[in-house]
2 protein chains.
Amino acid sequence: MENNKKIWGDAFERIVEASAELFAENAFHSVGVREIANKANVNISMISYYFGGKAGILIEILNRFFDMQFSTLKNSIVETDSKEESIKRLFRNIVDMIRTHTNICLIGFSDLPNNVPEVYELKVNKTHQMMEIGNQISTRFCIDFCKDELTHILGPAMMSMLISHFTHKNFISQIYKIEFDNNYYDTYSNTLAELFLYGITGFSTEKNQ
Amino acid sequence: MENNKKIWGDAFERIVEASAELFAENAFHSVGVREIANKANVNISMISYYFGGKAGILIEILNRFFDMQFSTLKNSIVETDSKEESIKRLFRNIVDMIRTHTNICLIGFSDLPNNVPEVYELKVNKTHQMMEIGNQISTRFCIDFCKDELTHILGPAMMSMLISHFTHKNFISQIYKIEFDNNYYDTYSNTLAELFLYGITGFSTEKNQ
DNA sequence: ATAAATCAAACAAACGTTTAATTGATAATA
DNA sequence: TATTATCAATTAAACGTTTGTTTGATTTAT
């Protein structure tokens with residue numbers, strides 16, 4: 001895939017980038033090929049030319065998302081880490097990933113064009129792989145509580161928890177006047193990591209001291 | 001609104017029901033009015049007649065969702081509860097709500113037709129109200145850690161955590177062979193409540209004893 | 001000279017909405 | 001009691017757009 005992109009023109013990448021922005025803002029089916037072509041400054045027919053159709057763009061984006069997610073999770077495994085540092089590093093890395101690739105992540109988590117068979121199958125397969133990696137990480141993290149049968153609960157729960165802020169960000173910023181800077185996301189990542197580690201009980205005692 | 005429904009025929013309710021199923025399965029913009037009309041056994045023009053357009057159905061569904069969410073949260077406040085029982089009751093009630101109204105909840109949480117101005121504004125307003133109720137509940141629950149400035153993090157995080165299973169359910173059931181019965185959701189609700197209360201640390205020690 | 005890249009134009013299909021006519025039941029009139 | 005008036009409910013058909021895709025010619029670079 002990396003090779004293809006260099007053989008093909010910039011248009012390929014511009015289409016992916018423009019689509020990612022548009023798909024993240026609104027749902028896949030509500031974005032038209034002409035809107036994409038305009039934003040990417042390419043002719044409409046380039047979409048079918050490069051991606052075989054509109055759905056092909058989404059598949060490209062989803063593949064990038066899952067690759068990114070996999071490597072982020074795997075890179076978060078550091079053998080010498082304590083359990084606490086494991087979780088904190090993991091949460092920090094995931095938040096970093098979402099911040100630097102917000103659009104792709106929002107699409108990967110929330111876009112649900114299940115009526116496109118290719119997309120649906122890809123999601124099933126990748127979810128399966130995610131569960132396996134989740135199991136690996138659980139044991140490597142020495143999270144002994146996390147039996148196989150619980151991975152499918154806690155895995156999605158953890159990821160959804162972390163992404164939730166970014167899906168609500170637009171609404172929240174219209175209500176509160178918060179600056180979403182590095183400091184904010186340090187706190188954000190740490191807060192959720194501590195919640196995940198110790199719950200609101202441990203969290204409250206720690207903060208009150 | 002309750003009155004209107006009795007003046008109007010069954011068609012009104014059939015349209016809402018059919019749309020909820022379809023919008024939950026696929027995104028709002030990928031569902032056509034003819035598909036809705038077929039499933040509801042009504043003429044296409046009834047949609048504009050009753051709802052003023054396709055978007056009107058979504059607004060009706062979202063209003064029901066937010067009303068439901070508000071009353072579920074408020075009904076979870078029992079003054080005599082301990083902190084632990086407060087959270088467990090809250091989580092139990094939310095899971096019950098999602099189970100009995102899965103479609104409406106999936107739409108309320110994940111459907112994002114932000115390019116429909118009326119829908120977007122409604123979501124902003126209701127999110128605002130949700131945050132206020134979140135604050136009320138936090139203090140009533142004696143969750144002293146939950147300052148105002150953290151509600152906008154923990155509120156969405158908690159809800160997203162609980163809904164995550166239902167958004168992933170289709171994928172998960174293709175991987176694992178799990179029966180999603182009453183027992184499963186008792187465990188599910190309790191597991192996430194304990195995670196929220198004590199984190200994976202407290203959770204593991206409790207389970208290993 | 002060859003092949004990839006880009007273009008304007010047209011394609012049929014599906015989209016949401018509107019129209020005007022008709023049905024059905026209820027209320028008012030004679 | 002029979003007839004008329006009224007209005008909500010429902011229908012088939014057509015409306016003009018917009019949809020994603022394809023075609024065939026043209027440009028660009030190798």
Side-chain angles (χ1 to χ4, degrees), chain A residues 1-20 22-23 25-62 107 111 113-120, chain B residues 1-20 22-23 25-62 107 111 113-120:
Chain A
M1 181 169 306
E2 289 294 328
N3 294 332
N4 289 338
K5 277 187 285 179
K6 277 166 190 171
I7 292 172
W8 292 337
D10 307 327
F12 184 93
E13 203 55 32
R14 287 208 307 276
I15 291 173
V16 174
E17 208 116 324
S19 301
L22 293 169
F23 292 163
E25 211 175 299
N26 299 120
F28 172 74
H29 280 106
S30 71
V31 179
V33 285
R34 284 163 185 82
E35 197 180 353
I36 296 171
N38 277 341
K39 198 178 185 84
N41 265 314
V42 298
N43 190 275
I44 321 168
S45 56
M46 300 302 291
I47 289 169
S48 290
Y49 181 72
Y50 277 126
F51 300 91
K54 192 179 118 182
I57 312 176
L58 182 59
I59 290 172
E60 169 72 21
I61 291 175
L62 287 178
I107 295 167
D111 223 312
N114 298 331
N115 43 2
V116 182
E118 296 163 289
V119 173
Y120 185 80
Chain B
M1 182 167 306
E2 290 292 328
N3 294 332
N4 290 337
K5 278 186 284 179
K6 276 164 190 171
I7 292 172
W8 292 337
D10 308 326
F12 184 94
E13 204 55 33
R14 288 207 308 275
I15 292 174
V16 174
E17 207 116 323
S19 300
L22 293 169
F23 293 163
E25 211 175 300
N26 299 119
F28 172 74
H29 280 106
S30 71
V31 179
V33 285
R34 285 164 185 81
E35 197 180 353
I36 296 171
N38 277 341
K39 198 179 186 83
N41 265 313
V42 299
N43 190 276
I44 320 167
S45 57
M46 300 303 290
I47 289 169
S48 291
Y49 181 71
Y50 278 126
F51 301 91
K54 193 180 119 183
I57 312 175
L58 183 60
I59 289 172
E60 169 71 22
I61 291 175
L62 287 178
I107 295 167
D111 224 311
N114 297 331
N115 42 1
V116 182
E118 296 163 290
V119 174
Y120 186 80

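Every heavy atom of this structure was used, including side-chain atoms; hydrogens, water molecules and symmetry mates were not. Reminder, nothing fancy here: chain letters follow the sequence lines and each chain counts from 1. Not measured: the values here are computed from a predicted model.
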Contact summary for [X] and [Y], nearest pair of heavy atoms:
| X | Y | answer |
| --- | --- | --- |
| B:V33 | B:I44 | CG2-CG2, 3.9 Å |
| B:N114 | A:N26 | N-ND2, 3.3 Å |
| B:A27 | B:S30 | O-OG, 2.8 Å |

With sequence neighbours left out, the residues meeting side chain to side chain contact (heavy atoms under 4.5 Å, CB included) with A:E35 are A:L22, A:V31

With sequence neighbours left out, the residues meeting side chain to side chain contact (heavy atoms under 4.5 Å, CB included) with A:V119 are A:L58, A:I59, A:L62, A:P113, A:V116

Contacts of B:S45 meeting side-chain hydrogen bond (donor to acceptor under 3.5 Å, both in side chains) (sequence neighbours excluded), chain-then-number -> B:N43

For residues 38-54 of chain A, the salt bridge (Lys or Arg N to Asp or Glu O under 4.0 Å) pairs (sequence neighbours left out) are A:E21-A:K39

Please work out whether the ring planes of B:Y50 and B:F12 are parallel, tilted or perpendicular, with thresholds of 30° and 60°. perpendicular

To the nearest angstrom, the OH-P distance between A:Y50 and C:dC7 comes to 10 Å

In whole angstroms, the gap separating P of C:dA5 from CZ of A:F51 amounts to 12 Å

Under a 4.0 Å heavy-atom criterion, the protein footprint on nucleotides 13-30 of chain D, written with B, S and -, is -B----BBBBB-------

With both pairing distances under 3.5 angstrom for Watson-Crick or G-U wobble, and | for a partner in another strand, the correct string for DNA chain C is .|||||||||.||||||||||||||.||||

